[in-house]
Amino acid sequence: MPPSTFRATDPGSIALLTFMVALNQMSMGLYLPSMPTMAESLGTTVGQVQLTLTMFVAGFAVSQLVWGPVTDRFGRRPTLLIGLAVFTAAGAACAMAETVEQLIAFRFFQAIGACAGQVVSRSVVRDTTEGAESAKVMSYIALAMSLSPAITPSIGGQLHAFFGWRSNFVLLAVVGLVLAAIAAARLPETTRGKVPDAIQLVPMLRNYGRLLRDRSYLGYILTIGGMFGCLMAYQTGSPFVLMTELGWSPQAYGLLILFNVFGFLSGSLTAARLAPRLGIRRMVRASSIVVLASGALLLAIPLAGHLSTVGVIAPMTLFLFGMGIGIPSAMAGSLQGFPYIAGSASALMGFTQMGTAVLASLAVSRIEGDHHLIMGVVFFACGLLCFLSQEILLPKRAV
């Protein structure tokens, strides 16, 4: 299939790209309800089982720096097919793991495969769209992905109830196999020109150095990193605040997440409508203002000595609305200036996103004291990073 026949804006293409990006969240969320049973089944502790999640995040973060140059060197299509093959095989291996050590190792390889899907999908969007159209495609992908955190644990819980914890990994393997078949039949090679020396160490470092010296690129990825830092600070701190301090049950906590999903859905729908008219720069600036305002609100409430469910959920819903507005445009903006190293640009963006999120999570989990206040401080700091990055580094003119 020639590249000209592939349109990233077609519904089928958006669905394929969305599932490729969503492999990350699916792999992390699907088996969460099964963790206690997995510990008992494998004769280990819950802490050891939690390492399967930590190893997945670590593998995903680091492998982005490798997949980016690989896709620039060999092309999007072969990189994706190899990544999906690794993901499928690792999923099947996870389902057959006999010890937690095996499971931890297989999860690392599963992350490597899932990461290829995310890097390639963003590169394909960059290859086949420009400017506001790119932001629009990204917004539709973000819109669909916003449902993943709420849906995947529910699906995993039902699979666990009927078929046991191993069925979650069987499903992931099946998803990988189906995506590989669809990609082989539908996705052409979209790169505009392969970079022969992209995977050599010196050129690889040179490409990353070139990206980091670009003010606009740096501004966009730090803006994205700030947003994901806010998100991870909340995800780390909110279970303790809402369930331990405010007394909500795990089931009720799951229902409260629906407010967050509503916020992100609203922002993504708004972005899909406004991005073509306002352009990338204006959308990112508006988003960063909303994110900073939500951080100020989340910090002001504990500083005032007030603790309530509304005081936690309302700022987060506002934040996710802002994130839904800005993430698609920021991602599109970060990739638009590098058509020939789009894979490397996508990889470094993802590494910054995950790295900032991990740092924010560690800060919330390791700092002793009032969890509500600590969550607010870290959240506001990341919101400030988001605002200042776009305000200082991005051009003032609209894009």
Side-chain angles (χ1 to χ4, degrees), residues 142-143 145-150 222-250 252-271 283-330 353 356-365 367 369-391:
L143 174 63
M145 283 186 63
S146 66
L147 298 175
S148 181
L222 288 177
T223 299
I224 294 169
M227 290 184 190
F228 275 88
C230 290
L231 182 64
M232 190 57 69
Y234 175 80
Q235 290 181 336
T236 303
S238 63
F240 182 86
V241 174
L242 290 171
M243 288 191 284
T244 303
E245 297 188 10
L246 288 170
W248 291 97
S249 67
Y253 176 79
L255 293 176
L256 289 173
I257 293 177
L258 295 177
F259 288 98
N260 298 341
V261 174
F262 171 77
F264 196 83
L265 281 170
S266 301
S268 298
L269 287 170
T270 301
M283 292 297 292
V284 172
R285 189 169 195 274
S287 168
S288 70
I289 292 173
V290 175
V291 168
L292 182 61
S294 67
L297 184 60
L298 191 64
L299 176 59
I301 291 173
L303 285 176
H306 180 70
L307 176 61
S308 70
T309 302
V310 174
V312 176
I313 296 297
M316 191 58 190
T317 302
L318 177 64
F319 160 75
L320 285 168
F321 176 79
M323 187 178 185
I325 290 176
I327 279 291
S329 291
Q353 165 191 323
T356 309
V358 169
L359 291 176
S361 177
L362 286 173
V364 172
S365 63
I367 298 175
D370 183 345
H371 284 79
H372 191 194
L373 178 61
I374 293 168
M375 180 176 70
V377 168
V378 176
F379 192 106
F380 178 76
C382 292
L384 190 62
L385 170 65
C386 173
F387 177 79
L388 292 178
S389 295
Q390 63 81 32
E391 195 71 14

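Small disclaimer: the values here were computed from a predicted structure and weren't measured.
- In this structure, the side chain of S294 engages the main chain of V291 through a donor-acceptor pair within 3.5 Å.
- To the nearest 0.5 Å, atoms CG (L307) and CD (E245) are separated by 6.0 Å.
- Annotation: side chain of M227 is in contact with side chain of S287 (closest heavy-atom distance under 4.5 Å).
- The closest side-chain heavy-atom distance from T270 to F321 is below 4.5 Å.
- Atom CZ of F262 is separated from atom CD1 of I313 by 13.5 Å, given to the nearest 0.5 angstrom.
- Looking at every heavy atom in both residues, V284 comes nearest to G326 through CG2-O, 4.2 Å.
- The nearest pair of heavy atoms linking S288 to F387 is OG-CD1, 3.6 Å.
- Put simply, the side chain of F259 does not reach to within 4.5 Å of the side chain of M316, judged on heavy atoms.
- Between S329 and M283, the shortest heavy-atom distance links the atoms OG-CB, 3.4 Å.
- Taken to the nearest 0.5 Å, the CD1 atom of I325 stands 11.5 Å off from the CG atom of L320.
- Judged by distance alone, the side chain of S389 and the main-chain N or O of L385 form a donor-acceptor pair under 3.5 Å.
- Summarising the geometry, atom OG belonging to S266 is positioned 11.0 Å from atom CG belonging to L318; distances are rounded to the nearest 0.5 Å.
- Distance CG/L303 to NE2/H372: 9.5 Å, rounded to 0.5 Å.
- Considering OG1 of T223 and CD of E391, their distance stands at 10.0 Å, rounded to 0.5 Å.
- G383 and C230 get closest at one heavy-atom pair: N-SG, 3.3 Å.
- When all heavy atoms of A360 and G229 are compared, the pair lying nearest together is CB-O, 3.3 Å.
- Between I301 and G311 the shortest heavy-atom distance is CD1-O, 3.3 Å.
- Put simply, the side chain of F379 reaches to within 4.5 Å of the side chain of F319, judged on heavy atoms.
- Residues F380 and L292 are in side-chain contact: their nearest non-hydrogen atoms beyond the backbone lie under 4.5 Å apart.
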